[in-house]
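Single-structure report; data block below.
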Amino acid sequence: MGRLLGRWRGAAGLRRLLAPASGERGRGLCSERPSDGGGAGNGQAVVLRVYNARSRSKQPLVLAAPAIASWYSCGPTVYDHAHLGHASSYVRFDIIRRILTNVFGIDVIMVMVITDIDDKIIKRSKELNISPKILASIYEQDFKRDMESLKVLPPTACMRVTDNIPQIVKFIEKIICNGHAYSTSDGEYMHYQSVLAVPLSLKGFLNLLY
């Protein structure tokens with residue numbers, strides 16, 4: 001992890017993250033105040049807009065509850081040590097999370113899911129002659145120590161795939177039943193065009209399941 005930290009610092013990661021990107025005033029978070037110059041000081045709210053990779057545009061951040069944002073974070077597949085790609089992703093997420101909380105006063109409830117069973121974990125456990133459960137536990141703790149070294153805030157809650165297998169199976173079955181995914185001999189896959197046709201809304205997301 002020391003080498004990872006050294007490379008991250010050497011790449012001036014934080015400066016690059018905070019620097020404006022080219023085109024459309026940069027992608028990511030931005031805030032817009034009313035054109036008359038008003039702001040929070042005179043009772044007019046700041047509109048927070050975020051970049052939506054699917055629509056390729058910035059859209060207002062709509063929260064289900066006032067000043068509370070629920071955030072699903074795809075955690076690592078724990079079959080090996082964390083690498084620079086993990087550092088880049090989770091430091092970026094951490095910066096956005098801190099901006100939402102410290103600048104905009106939004107309470108972020110972040111849930112991270114750890115993939116602690118899959119083909120890579122099974123293969124690696126056989127190579128090392130240990131159980132997949134022990135292997136996953138070792139690398140999960142290793143990942144958490146690395147994130148702590150990078151000063152990344154821990155998630156509000158951490159879930160594991162092995163603790164939710166029945167729910168995951170039911171979730172996939174519903175998506176297949178609704179025509180948004182299909183099954184093959186080597187696994188289940190999303191219907192890309194079908195998912196793209198789903199409206200960009202909470203209702204649209206729920207239509208994937210119901």
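Keep in mind that the numbers below use all heavy atoms, side chains included, and drop hydrogens, waters and symmetry copies.
By the criterion of side-chain heavy atoms lying less than 4.5 angstrom apart, applied directly or through intervening Ile, Leu, Val, Met, Phe, Trp or Tyr residues, Ile96 is grouped together with Val91 in one hydrophobic cluster. Under a hydrophobic-cluster definition in which Ile, Leu, Val, Met, Phe, Trp and Tyr are linked whenever side-chain heavy atoms come within less than 4.5 Å, directly or via other members, Leu61 and Ile109 are assigned to different clusters. With hydrophobic clusters built from ILVMFWY side chains whose heavy atoms lie under 4.5 angstrom apart, Met110 shares a cluster with Ile99. Follow the hydrophobic side-chain contacts under 4.5 Å out from Ile68 and you never reach Phe104; the two are in separate clusters. Leu153 and Trp71 sit in two unconnected hydrophobic clusters of ILVMFWY residues. Membership requires side-chain heavy atoms under 4.5 Å apart, directly or through other members.
The other members of the hydrophobic cluster of Tyr189, by chain and number, are Tyr182 (side-chain heavy atoms under 4.5 Å, ILVMFWY only). Applying the under-4.5 Å side-chain rule to Ile, Leu, Val, Met, Phe, Trp and Tyr, the cluster around Ile176 extends to Tyr72, Val111, Val113, Ile117, Ile122, Met159, Val161, Ile165, Ile168, Val169, Ile172.
In this structure Thr162 satisfies the side-chain hydrogen bond (donor to acceptor under 3.5 Å, both in side chains) test together with Asp116, sequence neighbours excluded. For Glu188, the side-chain hydrogen bond (donor to acceptor under 3.5 Å, both in side chains) test picks out Ser183, with sequence neighbours left out. Listed by chain and residue number, Lys133, Ile134 satisfy the side chain to side chain contact (heavy atoms under 4.5 Å, CB included) test with Ser131 (two or more places apart in sequence, or in another chain). Residues passing the ring-ring contact (aromatic ring centres under 6.0 Å, His included) test with Tyr139, sequence neighbours excluded: His81. Scored by the side chain to side chain contact (heavy atoms under 4.5 Å, CB included) test, Ser137 finds no partners at all (sequence neighbours excluded). Not counting sequence neighbours, the partners of Arg160 by the side-chain hydrogen bond (donor to acceptor under 3.5 Å, both in side chains) test are Glu140. Applying the side-chain hydrogen bond (donor to acceptor under 3.5 Å, both in side chains) criterion to Asp80, with sequence neighbours excluded, gives Arg124. Qualifying salt bridge (charged side-chain N to carboxylate O under 4.0 Å, His left out) partners for Asp118, counting only residues two or more places apart in sequence or in other chains: none.
Across Met112 and Pro76, no two heavy atoms sit closer than the pair SD-CD, 4.3 Å. The heavy-atom pair separating Ser125 from Leu135 by the smallest distance is N-CD2, 3.7 Å. Scanning all heavy atoms of the two residues, the minimum distance from Gln59 to Ser55 falls at NE2-OG, 3.2 Å. In this structure, Cys158 and Ile114 approach most closely via the heavy-atom pair SG-CG1, 3.4 Å.
Between Asp119 and Lys123 there is no salt bridge, since none of the side-chain N atoms of the basic residue sits less than 4.0 Å from a carboxylate O of the acidic one. A salt bridge is defined here as a Lys NZ or Arg NE, NH1 or NH2 lying under 4.0 Å from an Asp or Glu carboxylate O, and Arg97 with Asp94 fails to meet this definition.
Ser88 and Arg92 share a side-chain donor-acceptor pair at under 3.5 Å.
With rounding to the nearest 0.5 angstrom, the NZ atom of Lys144 is 14.5 Å from the OG atom of Ser149.
For residues 100-110, no pair satisfies salt bridge (Lys or Arg N to Asp or Glu O under 4.0 Å), with sequence neighbours left out. Legend: ring pair (Phe, Tyr, Trp, His ring centres under 6.0 Å) pairs involving residues 105-135, not counting sequence neighbours: none detected.
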- Would Asn164 and Gln167 satisfy side chain to side chain contact (heavy atoms under 4.5 Å, CB included), going step by step from the backbone distance to the final call? CA-CA 5 Å; Asn164 297 275; Gln167 297 92 325; 3.8 Å; yes

- Test Leu100 against Leu48 for side chain to side chain contact (heavy atoms under 4.5 Å, CB included), laying out the working first. CA-CA 9 Å; Leu100 289 173; Leu48 178 60; 3.4 Å; yes

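In this structure, Phe93 and Tyr90 have perpendicular ring planes: the angle between them is above 60°, well past the 30° mark.
Not a single donor-acceptor pair under 3.5 Å links the side chain of Thr77 to the backbone N or O of Thr115.
Heavy atoms from other residues, nucleotides or ligands lying under 6.0 Å from CG of Asp186 number more than 12.
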